[in-house]
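These notes concern the structure reproduced below.
In listed order, ligands and their atoms are each counted from 1. Keep in mind that what you see is a predicted model, and the values were worked out from it rather than measured.
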Amino acid sequence: MADSLVEGSPIPGTQVLVAEGGCHTLLIGGRSCDAADGTRFNVEDPATERVLTTVANAGAVDASLGLDAAVDAGAQWAATPSRARSELLRRAFDLLVPRIDDFARSITAEMGKPLADARAEVGYAADFLRWFAEEAVRIPGRFTPAPDGTTQIVVTGRPVGPCYLVTPWNFPLAMATRKLAPALAAGCTVVLKPAELTPLTSLLFAELLVEVGLPPGVVNVVTTTRPAEVSAALLADPRLRKLSFTGSTAVGRTLLAQAAPRVLRTSMELGGNAPFVVFDDADLDAAVVGAMQAKFRNGGQACTAANRFLVQADVAEPFTDRIVQRVAALRLGPGDVAGTDVGPLVDARAVRKIDELVRRAVAQGARVLAGGRPVAGPGHFFEPTVLADVAPDADVLAEKVFGPVVVLTSFTDERHAVELAKRDGVRPGELRLHPRRVQGAPHDRRAGRRDDRDQHRPDLQRRGALRWGQAVRNRSGGRHGGAAGVPRDQIRRVRRADGRGDDSIAFGARRGGQRCRPCTRTIQWSAPGSWWPSSQPGHRRSVRTPGCGPA
Ligand code: NAD
């Protein structure tokens, strides 16, 4: 092992590959199976380049079999009472939490992040199961008067049908549960395709879903090194009803183009080029803490990672000094060795890309203040690095680094900061300044979003260090991670005000209005209202007056 890496024995138990002896085949229709052509691929530990195991390598035929299974299971799963779906998700949460170490070890083994980060990912992943278990029984609808004033438009949610879920390698468990849990809550069946670098954690999680009693075919997992072939087959299949993708913008564009002919529903979480901005009145200690978190979580391999640091000229030197000190103290090493702060990059390609970006930045005038080089193997390590005086037109500012490199450039005033931020990937409407900052850049007042975590960091905002969020995330209108992410169709029905027709079955409608069950007031047809799923499976839904919530 290279001298510059943390040395030590793996933390006890971590040398055992968690998924060893487990399910390294595809999961289709509740059965473990090999790929139709019998091929397999290697999964490596990025810290040692050791082959951990081999996994079935699906092709288009296997993808179609996965979709067959999802379609076959679809009607029954959609008809399963939402309470039962909710309880399965909750059981998955209850089983996952005590196994946090098993899953963390699996993540670290195949992806490389330090065990502490991996444990945090498992907690984050588990939260999606709990949250969507709660959402499953509360998928709302609404009714409004129709434009002619004599009928009602009723909007109800229905499962969209089989979904194709494509996840990246950087959060192999959290990105899977973030997609699976809302789909299952809504009553959709799925084909999950994990990234080829990190299939083991998804397979381990699929085992857990089988254990909690998820019916066969509801979740199907296809692992593959042929993602283009698998995706093309599924996206062309008219039975597929939705694509949910998290990954790079380039691949996202390709998939959107493939989804376009069928106008397939899509939820896309793509890459960005987030700047972290430090103004001259910032509390520099707080700004440095925020900057280190923003850059080095997951070794910089996070979609939310700050990609470039814009620092006002007056504080550039003290901020840089503190960052350099902190970065120099980071310990680089295998994720399963105690004391490691930053693990390996995910593969050799990532090391080559970052090395190339750093070299080009230096050729374009940047100074290397810490790190700057790949570490000799085995393992895909790159030194935690600080680049200062990066030229505004340097490639490293425009490209996503996705690694442990702090790229510093300075600005003169707010307008200059906004100009730099926008130049490299943040577009108008995607910046938001603290109101105090608006004077300098009034045209940006209503712009954009901050990273979620920063929204909970009023200290950073107040103190003048403010990070702007992702440029391209959710650009296609998909939503992830909250109630809005539940993949449901909205079905509009026009109902007659006089109560005739099938609305009387669903709503107990009466001439001139209907009764709100909890408060017994009559809702006039002209008033908008809402319905909630009944708490009893199979019961009629309640209509309630506005403000009269679920009993
Ligand atoms: P990637 O786009 O290379 O791969 C993502 C997924 O797409 C993988 O499952 C991969 O197998 C699949 N894929 C690759 N090529 C494909 C093709 N031609 N056709 C169909 N599928 C294909 O991204 P990655 O390197 O795995 O992940 C890192 C990227 O993900 C970064 O850009 C990061 O910003 C982004 N990301 C975004 C979020 C977010 O919330 N916006 C979260 C995590 C990661």
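For a threshold of 3.5 Å applied to N or O pairs, the pair formed by Lys193 and ligand 1 contains at least one separation below that value. For ligand 1, the polar-atom distance check against Glu196 finds a nitrogen or oxygen pair separated by under 3.5 Å. For ligand 1, the polar-atom distance check against Thr254 finds no nitrogen or oxygen pair separated by under 3.5 Å. Considering backbone and side-chain atoms together, Thr249 places no N or O closer than 3.5 Å to any N or O of ligand 1. Taking only nitrogen or oxygen atoms, main chain and side chain alike, Leu270 reaches within less than 3.5 Å of ligand 1.
For Thr167, every heavy-atom contact with ligand 1 shorter than 4.0 Å involves the backbone, none the side chain. At a 4.0 Å heavy-atom cut-off, ligand 1 touches Phe245 through the side chain alone. Contacts of Lys400 with ligand 1, taken as heavy-atom pairs under 4.0 Å, involve the side chain alone. Only the side chain of Val166 comes within 4.0 Å of ligand 1, counting heavy atoms alone; its backbone N, CA, C and O stay farther away. Under 4.0 angstrom from ligand 1, the non-hydrogen atoms of Ser231 all belong to its side chain.
Residue pairs meeting the side-chain hydrogen bond (donor to acceptor under 3.5 Å, both in side chains) criterion with at least one member in residues 182-198: none, sequence neighbours excluded. Within the structure, no pair that satisfies the ring-ring contact (aromatic ring centres under 6.0 Å, His included) test touches residues 39-69, not counting sequence neighbours.
The residues Arg360 and Glu356 are annotated as salt-bridged, a charged nitrogen and a carboxylate oxygen being separated by less than 4.0 angstrom. Between Arg99 and Glu211 a salt bridge is recorded (basic side-chain N to carboxylate O distance below 4.0 Å). Using a 4.0 Å cut-off between a side-chain N of Lys or Arg and a carboxylate O of Asp or Glu, Arg352 and Asp355 do not qualify as a salt bridge.
Residues Arg50 and Glu44 are not in side-chain contact: their nearest non-hydrogen atoms beyond the backbone lie 4.5 Å or more apart. In this structure, Val311 and Val278 have side chains that are in contact, with non-hydrogen atoms separated by less than 4.5 Å. Contact of the Gln301 side chain with the Leu345 side chain is registered, since non-hydrogen atoms from C-beta on lie closer than 4.5 Å.
Listed by atom number, the atoms of ligand 1 under 4.0 Å from Leu255 heavy atoms are 19 (N), 20 (C). Residue contact check: Pro168 has heavy atoms under 4.0 Å from atoms 26 (O), 27 (O), 43 (C), 44 (C) of ligand 1. Of all atoms in ligand 1, listed by their number and element, those nearer than 4.0 Å to a heavy atom of Thr246 are 5 (C), 36 (N), 37 (C), 38 (C), 39 (C), 42 (C), 43 (C), 44 (C). Near Asn170, meaning under 4.0 Å from any of its heavy atoms, are these atoms of ligand 1: 43 (C), 44 (C).
Between Trp169 and Phe402, a ring centre-to-centre spacing shorter than 6.0 Å is recorded.
Closest heavy-atom approach to atom 22 (C) of ligand 1 among the candidates Thr225, Val251, Asp347: Val251. The heavy atom nearest to atom 35 (C) of ligand 1, considering only Ala195, Ala174, Gly247, is found in Gly247. Atom 38 (C) of ligand 1 has its nearest heavy-atom neighbour, among Gly252, Ala232, Ala305, Cys303, in Cys303.
With hydrogens and angles ignored, the 3.5 Å screen pairs a side-chain donor or acceptor of Arg262 with a backbone N or O of Asp237.
For the side chain to side chain contact (heavy atoms under 4.5 Å, CB included) with Val327, the lone residue among Val405, Asp341, Val386 that qualifies is Val386.
Ligand 1 has at least one atom lying under 4.0 Å from a heavy atom of Trp169.
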